[in-house]
Number of protein chains: 4
Amino acid sequence: MTRGNTRQRIQDVALELFAEQGYERTSLREIAERLEVTKAALYYHFRTKEDIVVSLFKDLTRPIDELIEWSKQQPRTLEIKREILCRYQEALSAAAPLFRFMQENQATVRELSIGETFKERMIALIELVQEPGSCMTDRVRCISALFTMHAGMFFTQNVEGDPEEKREAILEVAIDLVTQAHHRSQSQTETPWARRNETGLTAEP
Amino acid sequence: MTRGNTRQRIQDVALELFAEQGYERTSLREIAERLEVTKAALYYHFRTKEDIVVSLFKDLTRPIDELIEWSKQQPRTLEIKREILCRYQEALSAAAPLFRFMQENQATVRELSIGETFKERMIALIELVQEPGSCMTDRVRCISALFTMHAGMFFTQNVEGDPEEKREAILEVAIDLVTQAHHRSQSQTETPWARRNETGLTAEP
Amino acid sequence: MTRGNTRQRIQDVALELFAEQGYERTSLREIAERLEVTKAALYYHFRTKEDIVVSLFKDLTRPIDELIEWSKQQPRTLEIKREILCRYQEALSAAAPLFRFMQENQATVRELSIGETFKERMIALIELVQEPGSCMTDRVRCISALFTMHAGMFFTQNVEGDPEEKREAILEVAIDLVTQAHHRSQSQTETPWARRNETGLTAEP
Amino acid sequence: MTRGNTRQRIQDVALELFAEQGYERTSLREIAERLEVTKAALYYHFRTKEDIVVSLFKDLTRPIDELIEWSKQQPRTLEIKREILCRYQEALSAAAPLFRFMQENQATVRELSIGETFKERMIALIELVQEPGSCMTDRVRCISALFTMHAGMFFTQNVEGDPEEKREAILEVAIDLVTQAHHRSQSQTETPWARRNETGLTAEP
DNA sequence: CATGAATGAGAATTCATTCAT
DNA sequence: GATGAATGAATTCTCATTCAT
């Protein structure tokens, strides 16, 4: 009758509700009702409630894993870093509801056998846009760049303006941050005496 | 024995558990057990579970409200913006567990009659460090500055290094971001021709 | 591949699991999984879960029915009684898992439309090794003889020693019990004056 | 209102229903309904369904533990063995419904974190009425003696006759069995040549 | 012969909450 | 101030069973 797409439909509705109300506030009854199936049907497709989240996570997280994998293969040039940020943004918006969910249900997700996995990914990415051995400030800059993109989810919903314009602005700021960190570290290594000079942003003429 | 401070103790333990496990995953039974009182005792001090959170929120959020109030009184100079960020960081670390809780339970908090309140505060602060009418990129920079501080909670726990050093680095990066936005807007208004020149980060040799 | 013997395989696996975990604790899903077929396949071969048990019962209980039938044809001599016990033991060990199941799931079996049937069989057998009108003690002896054999199932698994040796010992004790009952009843009938004298076991020097 | 006896009432009703229908076939709803309380009330008094059984078990099993303890202190004379059997019978009938339950739900009980405990107790008792190093047949006799008493539960319900008379008959048979084992072992040790002679039961004039 | 998909009924358990004492 | 006892409503999950294909 409904043909093999039920599993997919469960995932869709579940994600929608999880993102909207949170994981614990969303009951399987609710999901089932919205799908006009019985609770038991959900259990035909997923072993537990947690399993639904895990499946969502796996399905939608793949792009990021691929990005990490790809990045590891690349040289750590500024060009590549830019590309990483750009692709990360794409991955985030492709899976926007999931990431919104992940962000807004961290406490829950942390106990959900995928939490660590997500944090690990973030740390992996941070390290990939960061020069090894760079100073604390630059490490913060890189973290900040990634969080800026996450902030985008919030930003996109709560601040007025053209979405596309916002997207570009977010990317620009993130790239700025990583660029600064990149240059400072480069100069730090190659020409330490130039350091003060490069700090740039705070010391403007 | 424990005399009169029970209300306080409930708040402490509740916050601890809420921050650790999340709001919904923490039951009143758990709180009561850890305090070695009965659930009913909690109801002597708080009308509902939600009430506990609301009370925490009110107690610990005051500094931020005061900060907002104070900021509104001040001229929008760079100096003041710096001060705002600095004070915001202090407020955040003073109430670290609460903010960790707020951040990790957004989905829950959103339905909790205080959620909007929190978002509103964020938006108020963003506007206070932002020049009115500034371009999208600069708005993002300000948002990013605030989120950088939030990222600090994550950062503080998951990245190695001296806490004080981290704190300073975070503040530095946030100030950087706001400073950039500040200068660009100034120049944009006063000397539009200087704009390109000021962009700094994107204009690499 | 497995061709036609599926019904048999279901019975085997079901009995195995029922004996191991009990009837209610064993779900059809479990049986199906162990067989690597679907639950629905079970329903092709058996109308209900209960049906599986009933079929097992019927298949494996026949020897006992035959034994009862045969016994009824025989004269009630001591020789025959010995034979009955011996054959009963054989029947029990041939169907050991079933009887283990019956013994360990009596509460369940009782509601299963076969329970009474089993009890009836026991009573029938007891009567066949017992002299009609014998005294209470001798009736107990006969009951005890049969239960001794049942105890064998327990004994076999929880006490060390050579299985064959155990089997013989069990049979010996059972025969002893029935023999005593047999003789006492004989003498009771024929030479009542000898009774006290025969009590034997309780009369210590 | 109902005063502190609710816990007791739950145990009573639960045992009644467990003994009647079996553990798994008895739902907490049923117990609660019969008591005219809510299911949740049961959970106020017991942490789980299993806990109810465990509590029953503990409350009612104590006499047997005490019997075992006492027996260990005594010399292994025939007198003492008689006493053990006699007391065991008393313990059994005092806790008749529980033992009926244990016997009829062995498969269930086995997974219930008390199963082994029960078996261990049986084995302990068997060893206490048995001469160390006695032959297989005599070991069976002792096992049989204990099982005879268990059979009593069955016997009492399915065979006609005065209960008190039955009780005595059961005890007599059990004592007979242990007595035989006792004597045989004694003579075996002291006067091996007398062995045949002592077997008694099989060698009748 | 067998499966994939689904259901309806019911299970155990948990939770926030109440209230007489 | 606090407790012991209880409730009502919900939740996750499991199970035997069905049926079109």
Side-chain angles (χ1 to χ4, degrees), chain A residues 1-7 10 24-32 35-52, chain B residues 1-7 10 24-32 35-52, chain C residues 1-7 10 24-32 35-52, chain D residues 1-7 10 24-32 35-52:
Chain A
M1 207 175 247
T2 37
R3 310 244 316 288
N5 61 334
T6 303
R7 195 190 144 94
I10 293 172
E24 354 255 349
R25 293 183 107 88
T26 303
S27 74
L28 295 185
R29 179 181 51 68
E30 230 172 330
I31 297 175
L35 282 166
E36 295 185 285
V37 296
T38 54
K39 272 176 290 164
L42 306 184
Y43 281 91
Y44 177 75
H45 295 281
F46 297 94
R47 284 203 5 267
T48 63
K49 187 185 178 185
E50 188 169 335
D51 236 49
I52 301 182
Chain B
M1 208 174 247
T2 41
R3 306 254 317 289
N5 63 335
T6 303
R7 194 188 144 92
I10 293 172
E24 351 256 349
R25 292 182 108 88
T26 303
S27 71
L28 294 185
R29 177 177 53 65
E30 232 173 327
I31 297 174
L35 281 166
E36 295 184 284
V37 296
T38 52
K39 270 182 291 171
L42 306 183
Y43 280 89
Y44 180 80
H45 296 281
F46 297 94
R47 277 195 20 266
T48 65
K49 187 186 180 186
E50 190 169 334
D51 239 48
I52 301 181
Chain C
M1 205 172 249
T2 41
R3 307 252 320 287
N5 62 336
T6 304
R7 194 189 145 92
I10 293 172
E24 351 255 350
R25 292 182 108 88
T26 304
S27 70
L28 294 185
R29 176 175 57 65
E30 232 173 328
I31 297 175
L35 282 166
E36 295 184 285
V37 296
T38 52
K39 270 180 291 169
L42 306 184
Y43 280 89
Y44 180 81
H45 295 281
F46 298 93
R47 277 194 20 265
T48 65
K49 186 184 180 186
E50 190 169 335
D51 239 49
I52 301 181
Chain D
M1 206 174 250
T2 36
R3 310 242 316 286
N5 62 334
T6 304
R7 194 189 145 93
I10 293 171
E24 354 254 350
R25 292 182 108 88
T26 303
S27 73
L28 294 185
R29 179 181 51 70
E30 231 173 329
I31 297 175
L35 281 167
E36 295 185 283
V37 294
T38 55
K39 271 178 290 164
L42 306 184
Y43 281 91
Y44 178 76
H45 295 281
F46 297 94
R47 280 199 12 265
T48 64
K49 187 184 179 187
E50 188 169 335
D51 236 50
I52 301 181

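It should be emphasised that the depicted structure is a prediction, and the values quoted were computed from it without experimental measurement. By convention in this document, chain letters (A, B, ...) are assigned in the order of the sequence lines, proteins followed by strands, and residues within each chain are numbered from 1.
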Of all the nucleotides listed ([options]), which has the minimum atom distance to the side chain of [X]?
{"X": "B:Thr48", "options": "E:dA12, E:dT17, F:dT12", "result": "E:dT17"}
{"X": "A:Leu28", "options": "F:dG4, F:dT12, E:dA16", "result": "F:dT12"}
{"X": "A:Ala40", "options": "E:dA16, E:dT13, E:dT7", "result": "E:dT7"}
{"X": "A:Ser27", "options": "E:dA11, E:dT17, F:dT11", "result": "F:dT11"}

Rounded to whole Å, how long is the line connecting atom [atom1] of [X] with atom [atom2] of [N]?
{"X": "D:Arg7", "N": "F:dA6", "atom1": "CZ", "atom2": "C1'", "result": "16 Å"}
{"X": "D:Tyr44", "N": "E:dT17", "atom1": "OH", "atom2": "C1'", "result": "14 Å"}
{"X": "C:Lys49", "N": "F:dC15", "atom1": "NZ", "atom2": "P", "result": "8 Å"}
{"X": "A:Glu36", "N": "E:dA6", "atom1": "CD", "atom2": "P", "result": "13 Å"}
{"X": "C:Arg29", "N": "E:dG4", "atom1": "CZ", "atom2": "C1'", "result": "16 Å"}
{"X": "A:His45", "N": "F:dC13", "atom1": "NE2", "atom2": "P", "result": "16 Å"}
{"X": "B:Tyr43", "N": "F:dT3", "atom1": "OH", "atom2": "P", "result": "15 Å"}
{"X": "A:Asp51", "N": "F:dC13", "atom1": "CG", "atom2": "P", "result": "9 Å"}

Under 4.0 Å from OP1 or OP2 of F:dA2: is there any side-chain N or O of B:Thr6 that close? yes
Can you check whether A:Thr26's main-chain N or O pairs, donor with acceptor, with A:Lys49's side chain at less than 3.5 Å? yes
Is the shortest heavy-atom distance from the side chain of D:Leu28 to the side chain of D:Ile52 under 4.5 Å? yes
For a 4.5 angstrom cut-off between non-hydrogen side-chain atoms, does D:Ile10 reach D:Val37? no
Closest-nucleotide ordering on DNA chain E, the 5'-leading residue of B:Glu50 and D:Lys39: D:Lys39
How do D:Arg47 and B:Arg47 order along DNA chain E: which one's closest nucleotide is nearer the 5' end? D:Arg47
If I take atom OG from residue C:Ser27 and atom NZ from residue C:Lys39, how far apart are they, to the nearest 0.5 angstrom? 8.0 Å
Of all heavy-atom pairs between C:Glu24 and D:Glu24, which one has the smallest distance, and what is that distance? CG-CG, 3.1 Å
Comparing A:Glu30 and D:Leu42 on DNA chain F - which has the more 5′ nearest nucleotide: D:Leu42
The answer to which of A:Thr26 and B:Ala41 contacts DNA chain F further toward the 5' end, by nearest nucleotide, is B:Ala41
Watson-Crick/G-U partner (both atom distances under 3.5 Å) of E:dA20: F:dT3
Both distances under 3.5 Å, Watson-Crick or G-U wobble: report the partner of E:dA9, or none. F:dT14
